[in-house]
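Since the structure comes first, as structure tokens, the remarks are kept for the end.
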Amino acid sequence: MPVITLPDGKQLSFDGPVTGRDVAMKIGPRLAKDALGVKVNGEVKDLGAPIAADAKVSIITYKQRDGGVDADGLLMLRHSAAHIMAEAILRVVPGAQLVYGPPLATGFYYDIRFPDSRPLKEGDFAAIEEAMKAIVAEDRAFTRHEQAKADCLARLKSEGNKYKVDNAERAIAADGSAPLTFYATGEPGKNFEDLCRGPHVPSTGRVGAIKVMSLASSYWHGDENSDRLTRVYGTAFASQAELDEFLKQKEEAGKRDHRVIGEKLRLFHIDKDVGQGLILWTPAGSIVRKELQNFIGGELRKQGYTEVFTPHIGSLELYKTSGHFPYYKDSQFAPIIERNALEELSKSGCSCAEMMNRVEGVSARLAAGINERTGAQTITPDRVKPDDQLIEGFMLKPMNCPHHAKIFASSPHSYRDMPARLAEFGTVYRWEQSGELNGLTRVRGFTQDDAHLFCTEDQIPGEIQGCLSLVKVIFATLGMKDYRVRVGLRDPDSNKYTGTKENWDKAEAACLAAAASLGVPFSQEPGEAAFYGPKIDFVVKDVIGRDWQLGTVQVDYNMAIRFDLSYTGPDNKPHRPVVIHRAPFGSMERFCGVLIEHFAGAFPTWLNPEQVRVLPISEKTNEYAAKVEAALKAAGVRVTTDYGNDRIQGKIKVAAEQKIPYLLIVGPRDAESGAVSLRIRGQEKDAGSMPLDAFVAAISAEIGERRAELTVKV
RNA sequence: GCCACUUUAGCUCAGCGGUAGAGCGAUGCUUUCGUAAAGCAUAGGUCCAGGGUUCAAAUCCCUGAAGUGGCUCCA
């Protein structure tokens, strides 16, 4: 006799086992009709699932009472849509093997292995969608049935789908007591069936609108050495109107994409003749970047940083010392080998493999030093080569830290002058896979607003706090509120980390305390630490919904040991410093990309490449327009004048599309009174007229204070 | 790197076996204008590159490059 407790506390009792459908029916037939599923003690289930014991139950409908869409209901609907798509795809490509098809926040996908002779192409979408529509129109019930494990495995094996066999085996391994279930889209034995845990909506007709979105390749189990699968993305809603709205929003977001705006506003250029993933900053984009650099430069001076400059390359030996080479060689540009060495190797008939072996070799002296300092066999004997076999060379720098370590080491340090804070807008180069490159957000050459803080153990918490306050100032000034904070901690089960347990505990505690003091939610992610220390990352989403890491603060116990850095303590003995790596923007390229999307190209005045445009009504006021322009230039404002012979409407339209904050319309009336007619970006109407002097003063204040909003008023 | 798609004028795109098109932009002329595009004219192309099929290729086939969406990776 289960007693069902509803969300409002009301209790219903039944004579025997009931289903969600029975509960809904008892509340009201309308609810029973709208119900997609049921939540029993917090667990989402099929509407028809039996409820045997007392439970807290809520009925899942698509629409919530407040008019919003229920997240659980939407996921159920999309999971069901994935089954419908799978059935449709199997009709179009009979030999395909289904692998795994989960719902997502924006839709769903199904990983499928297609026969090599019959890959899925976008040209197949129309046929798939037609088949999906037919399945939805048939309004077949999703029917769950359990099968004994042995029978299930035998059945899947006889179907010859090793992926589903694997799914079943994994499900058994994860929970040996739970039954394996199939869902038939209709009648078992007659209609399409898929091994699936569920839950599903009652019938295919409840999926109102469904669309195949795109194709991608994926790897089985996410392992690039395993089978390559085709991932088919789709999305589904309860109604066509919602699908249309979703597609429209997607299109609108696309217009805010930094690559689109960057092209339109001529902020940057990527040229395949220069190279993939290499950014050319145009004059307009350079202004944005330079203003950001000036801004952070001022903050750094306030925090007692000192600026350094270092070259774009360094010797291979430097990176063998730091450990970057060859450990990370797959994501670095290939080494630059000296010409003499290359010629000699070529003459001696040295093979490429042998050459790489010798390039990666380490001298006995270097190996002994590092092994002694790290107290482990950090450099294994097989990498040690006789000096006369070593090949010298250089690398484009993948990190700035080795150079900065050498600057620190170049002079003696006392505990009295710690910490040393060395800052540099340092450009680094990394060999990103070609498929990963993406506008400004993933590139092969980028400039970090980098700094390394060489500090004592005691100074770590304070220095981390200082770094975070820097990030906070930046985000606040730019009005960026939509970011999340991730604290990367060590994986307790791994031994890949360097440094002692005590130091790690202290550093992790310092990071967590600092993150907590930020006043924004943060996640702790074990296993996400760098091998040399914990870190705090700032992550934002782009218009397409992808995560990008911007600012980062990392504690490093490793570098000072490898470079044998020290300072003299109060005991007059040498001590190891700890290094904090930090880059509040992360990379200037990525940050600017995210910033373009954040502002949709409409930058605050201090950042906008062109701050004011003067628009003479006709040639008759060209002379006055020139005077206005000169007055603004004298005040340091970035201003141009549109002397074209367009009508004023045309000039306004063009300037508005270029997102210029302030337009000054000047005609005979303004010239007479020494005034300007103001038009403010984002406002549909003329803001009125004001004296030129007043405008110059107002905009200068706005720029000087780096205000996020347009504040000039008539 | 993997899979699919894309690549035509500065930009956005049409053309899809018969020899290059539009809109915007640029330039020139007319207009001298008061708040989101006045009119006319002109210039502008190795149709991504290289091979092939064909009487004929921007168009069909092959190879490569770059871009896009995902996968994997990201010190």
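Here is how names work: the chains are called A, B, and so on, in the same order as the sequence lines, proteins then strands, and each is numbered from 1.
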- Assess whether one donor atom and one acceptor atom, taken from the side chain of Asn645(A) and the base of U30(B), lie less than 3.5 Å apart. yes
- Flag this pair as yes if the NZ/CZ of Arg490(A) is under 6.0 angstrom from the six-membered ring centre of Tyr497(A) and inside a 45 degree cone about the axis; otherwise no. no
- Message: Can you see if the side chain of Arg669(A) gets near the phosphate of G34(B) - specifically, an N or O under 4.0 Å from OP1 or OP2?
- Response: no
- Query: Counting only Watson-Crick or G-U wobble pairs whose two distances fall under 3.5 Å, which nucleotide matches U7(B)?
  - Reply: A65(B)
- Is the phosphate of G1(B), meaning OP1 or OP2, less than 4.0 Å from a side-chain N or O of Ser434(A)? yes
- Message: Heavy atoms only, 4.0 Å cut-off, all strands: where does Gln549(A) land among base, sugar-phosphate and nothing?
- Response: nothing
- Query: Any idea which of G70(B), G34(B), A75(B) is nearest the His324(A) side chain?
  - Reply: A75(B)
- Message: Check this for me: does any side-chain nitrogen of one of Asp227(A) and Lys162(A) sit under 4.0 Å from a carboxylate oxygen of the other?
- Response: yes
- U32(B), G70(B), G10(B): which one has an atom nearest the side-chain heavy atoms of Tyr233(A)? G70(B)
- Message: Can you work out whether Ile648(A) or Leu229(A) has the more 5'-proximal nearest nucleotide on RNA chain B?
- Response: Leu229(A)
- Message: Could you tell me how far G28(B) sits from U53(B) if I compare only their C1' atoms? Round to whole Å.
- Response: 47 Å
- Between U30(B) and A66(B), how far is it from one P atom to the other, in whole Å? 49 Å
- Considering only C33(B), C3(B), A4(B), which nucleotide approaches the side chain of Ser217(A) most closely? C3(B)
- Using the C1' atom in both, what is the distance from C48(B) to U68(B), to the nearest Å? 15 Å
- Does Arg442(A) get its side chain close enough to the base of C73(B), under 3.5 Å, for a donor-acceptor pair? yes
- Message: Using the P atom as the point on both nucleotides, what is the distance between C40(B) and A22(B), in whole Å?
- Response: 14 Å
- Message: Of the listed nucleotides (G70(B), G67(B), A75(B)), which one gets closest to any side-chain atom of Gln276(A)?
- Response: G67(B)
- Query: Of all the nucleotides listed (C2(B), A4(B), A75(B)), which has the minimum atom distance to the side chain of Arg228(A)?
  - Reply: C2(B)
- Query: Would you call the rings of Phe333(A) and Trp431(A) parallel, tilted or perpendicular if under 30° counts as parallel and over 60° as perpendicular?
  - Reply: perpendicular
- Task: Could you tell me whether Lys264(A) and Glu657(A) have a side-chain N and a carboxylate O separated by less than 4.0 Å?
- Result: no
- Glu619(A) near the nucleic acid: base, sugar-phosphate alone, or nothing, with a heavy-atom cut-off under 4.0 Å? base
- Query: Is there a donor on the side chain of Thr230(A) or the base of A4(B) sitting less than 3.5 Å from an acceptor on the other?
  - Reply: no
- When we call it a touch if two heavy atoms are under 4.0 Å apart, what does Arg113(A) touch: a base, just sugar-phosphate, or nothing? nothing
- Message: Regarding Gly586(A), tell me which of base, sugar-phosphate or nothing describes its non-hydrogen contacts under 4.0 Å with the strands shown.
- Response: nothing
- Phe538(A) and Tyr483(A) aromatic ring geometry - parallel, tilted or perpendicular at 30°/60° bounds: tilted
- Which nucleotide in the list C73(B), A75(B), C71(B) gets nearest to the side chain of Gln433(A)? C73(B)
- Query: From A38(B), U32(B), G34(B), pick the nucleotide closest to the side chain of Gln649(A)?
  - Reply: A38(B)
- Query: Mind checking who C40(B) pairs with, Watson-Crick or G-U wobble, both distances under 3.5 Å?
  - Reply: G28(B)
- Please confirm whether any donor atom in the side chain of Ser214(A) sits under 3.5 Å from an acceptor in the base of G70(B), or the reverse. no
- Can a donor-acceptor pair under 3.5 Å be found between the side-chain atoms of Arg679(A) and the base atoms of A36(B)? yes
- Does a side-chain N-to-carboxylate-O contact under 4.0 Å join Asp537(A) and Arg486(A)? yes
- Query: Has the side chain of Asp686(A) got a donor or acceptor atom sitting under 3.5 Å from an opposite partner on the base of G34(B)?
  - Reply: no
- Message: Between the base of C71(B) and the side chain of Ser218(A), is there a donor and acceptor pair under 3.5 angstrom?
- Response: no
- Item | Phosphate contact (A38(B) OP1 or OP2) by Arg647(A) side-chain N/O below 4.0 Å | yes
- Closest of U32(B), A75(B), G69(B) to the Met399(A) side chain is A75(B)
- Message: Regarding Tyr532(A), tell me which of base, sugar-phosphate or nothing describes its non-hydrogen contacts under 4.0 Å with the strands shown.
- Response: sugar-phosphate
- Task: Look at the side-chain N and O atoms of Arg259(A) and state whether any lies under 4.0 Å from the OP1 or OP2 oxygen of G69(B).
- Result: yes
- Item | Sugar-phosphate, base or nothing in reach of Gly222(A), heavy atoms under 4.0 Å | sugar-phosphate
- Looking for any heavy atom pair under 4.0 Å, which part of the strands does Glu263(A) touch: base, sugar-phosphate only, or nothing? sugar-phosphate
- Message: Applying the Watson-Crick and G-U wobble criteria at under 3.5 Å, what pairs with C71(B)? Answer none if nothing qualifies.
- Response: G1(B)
- Rounded distance (Å) that lies between atom P of C24(B) and atom NZ of Lys264(A): 16 Å
- Message: Mind checking if Ile544(A) touches a base, just sugar-phosphate, or nothing, with heavy atoms under 4.0 Å?
- Response: sugar-phosphate
- Touch class at under 4.0 angstrom, heavy-atom based, for Ala656(A) against every strand present: base
- Base, sugar-phosphate alone, or nothing: which one does Ser322(A) contact when heavy atoms must sit under 4.0 Å apart? nothing
- Message: Can you tell me which nucleotide in A37(B), A66(B), A75(B) comes closest to the side chain of Lys272(A)?
- Response: A66(B)
- Query: Looking only at atom types and distance, does a side-chain atom of His269(A) sit under 3.5 Å from a main-chain N or O of Trp281(A), one as donor and one as acceptor?
  - Reply: no
- Cation-pi check, Arg228(A) to Trp220(A): give yes when NZ or CZ is under 6.0 Å from the six-membered ring centre and within 45° of the ring axis, no otherwise. no
